[in-house]
Each structure stands twice: as C-alpha cells, then as structure tokens.
Amino acid sequence: MAFVITIDGPSGSGKGTIASRLAAQLGWRCLDSGALYRLLGYAAEQSGVSLDNGARLAEIALGMKIEFQQDKILLDGKDVSLAIRTEQAGNAASKVAAVPEVRTALLEWQRACAIEPGLVADGRDMGSVVFPFADVKIFLDASAEERARRRYNQLIEKGLSANLGSLIAEISERDDRDRNRSVAPLKAPEGALIVDSTALSIDEVLKRVMDRVRKAL
Ligand code: C5P
C-alpha cells in the first residue's frame, strides 16, 4: 500500500509549494488536484460549455488527456501551464468544482495516483473525500490578505498582470464558494495537523510537516 500524505487548504495557503517540496524530499509522486479542476474549467470555457452543465462537464473530464511533465502541464498535447494559472482559470475551476458530477468523474483518476512508495496530494478534499484513510493529513491556512499577497507575487514572477485589491476580493469570493458548497467543501479533515502559515516561512512550515511525517513513517 502506498503511503499517502494529504495537504488541504484554501487558495494561496502555500500547500502547492509545500506538497512539491515534500514530495521531492521523499522522492514520491505529487498530485496537484487543483490543476485538474483548472484544466476542466479551462477546457469547458474553450469549448463554450456552461460551467454548471454537469453532464457535459463530466464528459469533458473523462475525455481529458492530461500529462504532468517536469515543469509543464499538457492538455490533449497542448502546453496550458500558464493558461490554467490565471485568476480567470482559478475562478472557472472553483465553479466546475462545485458540480457533483465533476467530482465523481475525477475521483478515480486521483485515487489511481496513490502508487508505491508514496504520494503527496494537495487540494481541498484530499484528506476528507479522496484519501480518507491517508497516513498523514495536513491542513494549511493563512489570512486572506497574506494569501492574496503571495498570489500577487507568483503572478508577477510568471510575467502575468495582477492587482492586489482585486486579488483579495477574488480570493475571498473563491474561499466562500469552496467552503460553502454542498459537495466536498473545504474544511480541515478530522485528525489533521492544522498549520497557520501567515507568519511562517516555507522552511518553517516544511519542518512542522516533516516532523509529523517522520512520526508516522
Ligand atoms: O488549488 P487551486 O487554486 O489550483 O484550485 C483551483 C480550484 O479548484 C479551487 O478554488 C477549488 O474550487 C477547486 N479544487 C477543489 N478540490 C480540490 C482542488 C481544487 O475543489 N481537491
């Protein structure tokens, strides 16, 4: 059985960075589940499918050919790494993610990523729904202002345009939708180590997470 570590939390809490650093240290596979919802939101918008059409979205989700490469994500052979990181794609992702048929369609694909020796999976419902029997569960949080500031820096570094004020508003709106939806809402799973990263560096967060992982290994 693969050892599974789940890292859940709101947008910009640092879970993606922590998950990939942890996976690299352990030499394990990393699942960025948010990318799946971003890919689906992007694919739906490209083909003019409404973001609440469950049947059509599930069809697109099941037909997507996804390749996670070293530093690229390909959708049906096309590099969409930058396109899926925009705020528009994030918002589209959060809309399709609230559709029950979408979550069902993507469930098995995600579970199949748990291969030996281990998997680090980050998202919103990794510890609560996708991997309820995970060996270690982490919930990463941070204030909305700090998360917006981090997102702002990431977008600028990637050469994309950004506005801090609208990022705070968008992040709060996305949080509301993710926390209050009826299927797989964002919440700390039972038994999770909760880490508030507002005033912590990446290395400090990583150390706390690694301490917990070592105890469970
Ligand atoms: O983590 P990221 O910002 O890339 O996720 C984009 C959106 O995908 C989130 O706002 C959330 O609505 C959705 N998501 C989800 N469940 C996951 C991962 C992401 O609903 N496991």
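Counting starts at 1 for both ligands and their atoms, following the listed order. Everything numeric here is computed off the predicted structure, so don't read it as measured data. Along the sequence shown, the residues carry numbers beginning at 1.
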Would you give me the side-chain donor-acceptor pairs under 3.5 Å for residues 157-167, sequence neighbours excluded?
| unit_1 | atom_1 | unit_2 | atom_2 | d |
| --- | --- | --- | --- | --- |
| N163 | OD1 | G165 | N | 3.0 |
| N163 | OD1 | S166 | N | 2.9 |
| N163 | OD1 | S166 | OG | 3.1 |
| S166 | OG | N163 | O | 3.2 |

**Item:** Short N-O contact, D211 and K207, less than 4.0 angstrom
**Value:** yes
**Asked** Does a side chain donor of either S11 or R147 reach within less than 3.5 Å of an acceptor in the other side chain?
**Response** no
**Prompt:** Any side-chain heavy-atom pair from F3 and P117 closer than 4.5 angstrom?
**Reply:** no
**Prompt:** Which residue holds the protein heavy atom closest to atom 16 (N) of ligand 1, what is that atom called, and what is the gap in Å?
**Reply:** R103 NH2, 2.9 Å
**Basic-acidic side-chain contact under 4.0 Å: E67, K72** = no
**Request:** Please determine if D32 has a nitrogen or oxygen closer than 3.5 Å to a nitrogen or oxygen of ligand 1.
**Result:** no
**Request:** With heavy atoms only and a cut-off of under 4.0 Å, state how D125 meets ligand 1: side chain, backbone, both or neither.
**Result:** both
**Complete:** Within 4.0 Å of some non-hydrogen atom of D178, the atoms of ligand 1 are 9 (C), 10 (O), 11 (C), 12 (O)
**Message:** Just to check, does K95 reach to within less than 4.0 Å of ligand 1 when the distance is taken from its heavy atoms?
**Reply:** no
**Asked** Heavy-atom contact under 4.0 Å between Q110 and ligand 1?
**Response** no
**Request:** Give the contacting part of R179 toward ligand 1: side chain, backbone, both or neither, where contact means a heavy-atom distance below 4.0 Å.
**Result:** neither
**Item:** Pair E170 + R174: basic N to acidic O under 4.0 Å
**Value:** no
**Asked** For atom 1 (O) of ligand 1, what's the nearest protein heavy atom and its distance?
**Response** R124 NH1, 2.9 Å
**Request:** Below 4.0 angstrom from a heavy atom of M126, which ligand 1 atoms are there? Numbered from 1 as shown, please.
**Result:** 21 (N)
**Asked** Which protein heavy atom lies closest to atom 18 (C) of ligand 1, and at what distance to 0.1 Å?
**Response** S33 OG, 3.4 Å
**Message:** Could you tell me, atom by atom, which parts of ligand 1 come under 4.0 Å of a heavy atom of A93?
**Reply:** 6 (C), 7 (C), 8 (O)
**Item:** Carboxylate-amine/guanidinium proximity below 4.0 Å for D8 and K137
**Value:** no
**Asked** Is there a donor in the side chain of D203 and an acceptor in the side chain of S201, or the other way round, less than 3.5 Å apart?
**Response** no
**Request:** Run the salt-bridge test on R181 and D125 with the 4.0 Å N-O cut-off and return the result as yes or no.
**Result:** no
**Complete:** Going by the 4.0 angstrom heavy-atom rule, the piece of R174 near ligand 1 is side chain
**Message:** Counting only heavy atoms, tell me which of S13, A35, A97, P10 gets closest to atom 13 (C) of ligand 1.
**Reply:** A97
**Item:** R56 and I60, any side-chain heavy atoms less than 4.5 Å apart
**Value:** yes
**Item:** salt_bridge(E146, R150) N-O dist < 4.0 Å
**Value:** yes
**Prompt:** In the protein, what heavy atom is nearest to atom 19 (C) of ligand 1, and what distance, to one decimal place, separates them?
**Reply:** G34 CA, 3.5 Å
**Message:** How far is atom 8 (O) of ligand 1 from the closest protein heavy atom, and which atom is that?
**Reply:** Y37 CB, 3.5 Å
**Message:** If we only consider heavy atoms of R177, is any one of them less than 4.0 Å away from an atom in ligand 1?
**Reply:** no
**Modelled atom types, side-chain donor and acceptor of R38 and S94, under 3.5 Å** = no
**Fill in**
ligand 1 atoms nearer than 4.0 angstrom to some heavy atom of K15 are 1 (O)
**Prompt:** At a 4.0 Å cut-off, with the gap strictly under it, does some heavy atom of R151 reach an atom of ligand 1?
**Reply:** yes
**Asked** Can you tell which part of R181 has a heavy atom less than 4.0 Å from ligand 1: side chain, backbone, both or neither?
**Response** side chain
**Item:** Heteroatom proximity flag, R38 to ligand 1, N/O under 3.5 Å
**Value:** yes
